[in-house]
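Residue numbers start at 1 and run along the sequence shown.
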Amino acid sequence: ILNRAADLVVARPKSILAFGLATIVLGAWGGTFITRDQYATRELAADHPIQSAQHVIDAQLTGAFQTHVGVRARDGSSLATPGHLREIEALQNFLATQPGIIKTWSVVDYVKEMDHAAREPGQARTIPDDPALVEQYLFALASGGRRTDLGDLIDPTRRWGVVALGTTDLGTDALRTIRQRADAFVQEKLGGALQIRFTGDYWNVARGNEVVGRDQLMSVLGAFALLTPLIGVFLRSSKLTLLCLPPNIVPLMAALGLMGVAGYDLRTGTSIILSLALGVTVDMTTHFLTRVREEWLLDGDYPLAIRRAL
């Protein structure tokens, strides 16, 4: 097999060059299909205990994962007013309609429940119009101490609130999309009256995954910048150093294109593929060119040197 490969290399260098260029082009095209997405349990087997537990929590409780949406009035005023509570309610109702959201809850639910309990049976749950009544409800709820999670939904100064999202394993790409839609909703439907900030472990993973593509590119470019001078020092030849570049670029682009065409997402696990490919090809390219030069020094015959090196 190696003998036939050597025949091909020696007899058809232009074909190999064309194949390399085609691989680079196809790799760049396939790379456009790569998405940046990360899941917590998607790669587990369907009968895995963690998958089973997640399905139960998603179906019967609040969702296996949580993301908090911090809420603040743009003017910095107290959120414990009927107007701001209705804005939070509108945002909460909007978020509840997004794909992957199992349940939402906020201080609005507590206020509405208290008001419902204080009124005649059968009346709908609504936010009272009296600001003083809202404050009384919140004071009564806060007296329960840690037996209630009210303190997690609105701070004692009433300046910050939280809309809690219970979600399934919807993926970081979907969560970033929900954030964009929430920003647009606040601006278009609420007139920018609120400022929101997504927080929580799932959101931090989404933020990190958003820059993984940039970090991957910088890692590869940095590796080239570091390794090329070292190879030049080792080989002591500018021509051989330049010859090292195409054999390293082609496998990287092939890996990138294969990931895109095969539907692999760029996430924490798959982001190491290009780095591994670069490490392997740099080693093999350096070894091969060094051996070709050693074989060439024996008789000055390049085709035979290539064959013997292979």
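- Under a 4.0 Å N-O distance rule, the pair D109/R125 does not qualify as a salt bridge.
- Looking at heavy atoms from C-beta onward, P128 lies in side-chain contact with V134 at the 4.5 angstrom threshold.
- Side-chain contact, N93 with E89: no donor N or O sits under 3.5 Å from an acceptor N or O.
- Residue-environment remark: CZ (F33) exceeds the threshold of 12 foreign heavy atoms within 6.0 Å.
- Exactly one of P131, S78, S77 qualifies for a side-chain contact (heavy atoms from CB on, under 4.5 Å) with H84. That residue is S77.
- Listed by chain and number, the residues in a ring pair (Phe, Tyr, Trp, His ring centres under 6.0 Å) with Y202 are F65 (sequence neighbours excluded).
- Pairs of residues two or more places apart, or lying in two chains, that qualify as side-chain hydrogen bond (donor to acceptor under 3.5 Å, both in side chains) and include a residue from residues 291-305 are R291-E295, E295-R308, D299-R308.
- A salt bridge is defined here as a Lys NZ or Arg NE, NH1 or NH2 lying under 4.0 Å from an Asp or Glu carboxylate O, and R86 with D129 meets this definition.
- Between the side chains of T167 and Q66, no donor N or O sits under 3.5 Å from an acceptor N or O.
- A distance of 8.0 Å separates CG in L165 from CG in L175, rounded to the nearest 0.5 Å.
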Just distance, no hydrogens or angles: give the donor-acceptor pairs under 3.5 Å from side chains in residues 21-32, sequence neighbours left out.
unit_1: T23; atom_1: OG1; unit_2: F19; atom_2: O; d: 2.8
unit_1: T32; atom_1: OG1; unit_2: W29; atom_2: O; d: 2.5

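- By the 6.0 Å contact criterion, CG on D155 is enclosed, its count of non-hydrogen atoms from other residues, nucleotides or ligands being greater than 12.
- Remark: the D130 side chain and the Q136 side chain contain no N/O donor-acceptor pair separated by less than 3.5 Å.
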